[in-house]
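Take a look at the structure below.
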Amino acid sequence: MTVSPMGIGQPDVNFPLRFQYNLTYASTDHATKRLVKDHSLDELTAHYISILWDEGSHKGNVKSFLGEISEILVGERFSVFSQEMLDSVIGTLRERGNSNATINRKMAALSKLLRKACKMGDIYNLPEFRRQKERQGRIRFLEAEEELRLFSAIRAKCEDSYRLSVFLVDTGCRLGEAIGLCWNDLQESRATFWLTKSGRSRTVPLTRRAHEATQIARGRLKGPFSMHNQVRFRAIWNEAKAEVGLGADDQVVPHILRHTCASRLVRGGIDIRRVQMWLGHQTLQMTMRYAHLATNDLDSCVVVLEQN
């Protein structure tokens, strides 16, 4: 066809015009759409817990936390975890006597699970998680005399539990980290902890008595403390602490040995960043709980004040 100045339809070889169409259709949403169904928290936990958390004591704690939250929700099914639901859970936990620190740990587990569920399309909205303000509580640690009495009572019941106690207080490692040690993790009076809460390995040198605590016949054991599990050790611990008059102190749990190790390092003049590395804390803020024990750092202030 040609187009002339006089109009369409009149042939004019002087104005040839060709039309070419090239249409491209694009979609602004390439995501796969799926129907969001209602789920219970138990269902989401069963589906994702092994993906989000490694095997170990921490995973066990997470499962317990999520189970308690599910019980509070009374099996409610949802495609949106609303802010009202979250506020109700936090309020119930507080009514049950949970401290803000405990609530934060439970909410961290819930937040991680819901974020995964939202990413996978199981739910389509998330509430705002706000960290509860935590008070710095008093840190309980064992004095040398308390350690002597408690460890003697433990040794009378079980030599393996005594060895484990010594190792815990001199390395500051967690109970699960010690029980999970393999023989290859012990090299030249050093221990490497691979199964850690943070997921980051760390290596610490061993004291003489911590090294001696690992020196046993290997046999078919996977590691120096693999004959133990946490339930058995805690049972022996509780019996021993009751015998030495510490039964009423609910802070005298195996984790107190980690606090004791950290406290001794700080009071001995070790700087806080090296203590952080020793304990394997992810943030310095976690280690700063022990900073107040470094009282010698303030002695020079007295000298300056007395000069005036």
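Keep in mind that what you see is a predicted model, and the values were worked out from it rather than measured.
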Does Ile256 offer a backbone N or O that forms a donor-acceptor pair with the side chain of Thr260 under 3.5 Å? yes
At what distance, to the nearest 0.5 angstrom, does CD of Glu128 lie from CG of Asp87? 10.0 Å
Would you call the rings of His281 and Tyr290 parallel, tilted or perpendicular, where under 30° means parallel and over 60° means perpendicular? parallel
Checking the side chain of Lys241 only, and the main-chain atoms of Asp249 only, is there a donor and an acceptor separated by less than 3.5 Å? yes
For the residue pair Arg94 and Asn100, confirm or rule out a side-chain donor-acceptor distance under 3.5 Å. yes
Tell me whether Thr171 contacts the main-chain N or O of Phe167 through its side chain, where contact means a donor paired with an acceptor under 3.5 Å. yes
Between Lys116 and Leu52 (side chain of the first, backbone of the second, donor and acceptor by atom type, cut-off under 3.5 Å), is there such a pair? no
Between Ser152 and Arg155, is any side-chain donor less than 3.5 angstrom from a side-chain acceptor? no
Rounded distance [0.5 Å steps], OG1 in Thr214 versus CZ in Arg209: 13.5 Å
Run the salt-bridge test on Glu159 and Arg163 with the 4.0 Å N-O cut-off and return the result as yes or no. no
Measuring from Met288:CE to Gln276:CD, what's the distance to the nearest 0.5 Å? 10.5 Å
Just by modelled atom types, is the Phe65 backbone N or O under 3.5 Å from a matching donor or acceptor in the Arg105 side chain? no
Value rounded to 0.5 Å, distance of CG in Leu257 from CD in Glu147: 7.5 Å
Salt-bridged, Glu177 to Arg202, with N to O below 4.0 Å? yes
Can you say whether the rings of Phe233 and Trp237 are parallel (under 30°), tilted (30 to 60°) or perpendicular (over 60°)? tilted
Within a strict 4.5 Å, meaning less than it, do heavy atoms of the Glu212 and Val166 side chains meet? no
Phe141 versus Arg267: any side-chain heavy-atom pair under 4.5 Å? yes
Starting at CG of Asn125, measure out to CD of Gln83 and round the result to the nearest 0.5 Å. 9.5 Å
Could you check whether atom CE of Met286 has more than 12 heavy atoms from other residues, nucleotides or ligands sitting under 6.0 Å from it? yes
Is Leu86 close to Leu110 at the side-chain level, that is, under 4.5 Å between some pair of heavy atoms? yes
Kindly say whether Leu66 contributes a backbone atom to a donor-acceptor pair with the side chain of Ser70 at under 3.5 angstrom? no
Qualifying residue for side-chain hydrogen bond (donor to acceptor under 3.5 Å, both in side chains) with Thr192, from Thr203, Asn184, Asp185: Thr203
Please confirm whether the backbone N or O of Val244 pairs with a side-chain atom of Arg149, one donor and one acceptor, at under 3.5 Å? yes
Main-chain N/O of Gly172 paired with Arg258 side-chain donor or acceptor, under 3.5 Å: yes
Would Val74 and Glu76 count as a side chain to side chain contact (heavy atoms under 4.5 Å, CB included) here? Give the steps. CA-CA 6 Å; Val74 199; Glu76 180 177 351; 5.9 Å; no
Value for CG (Leu114) from CG (Leu44), rounded to nearest 0.5 Å, stands at 7.0 Å
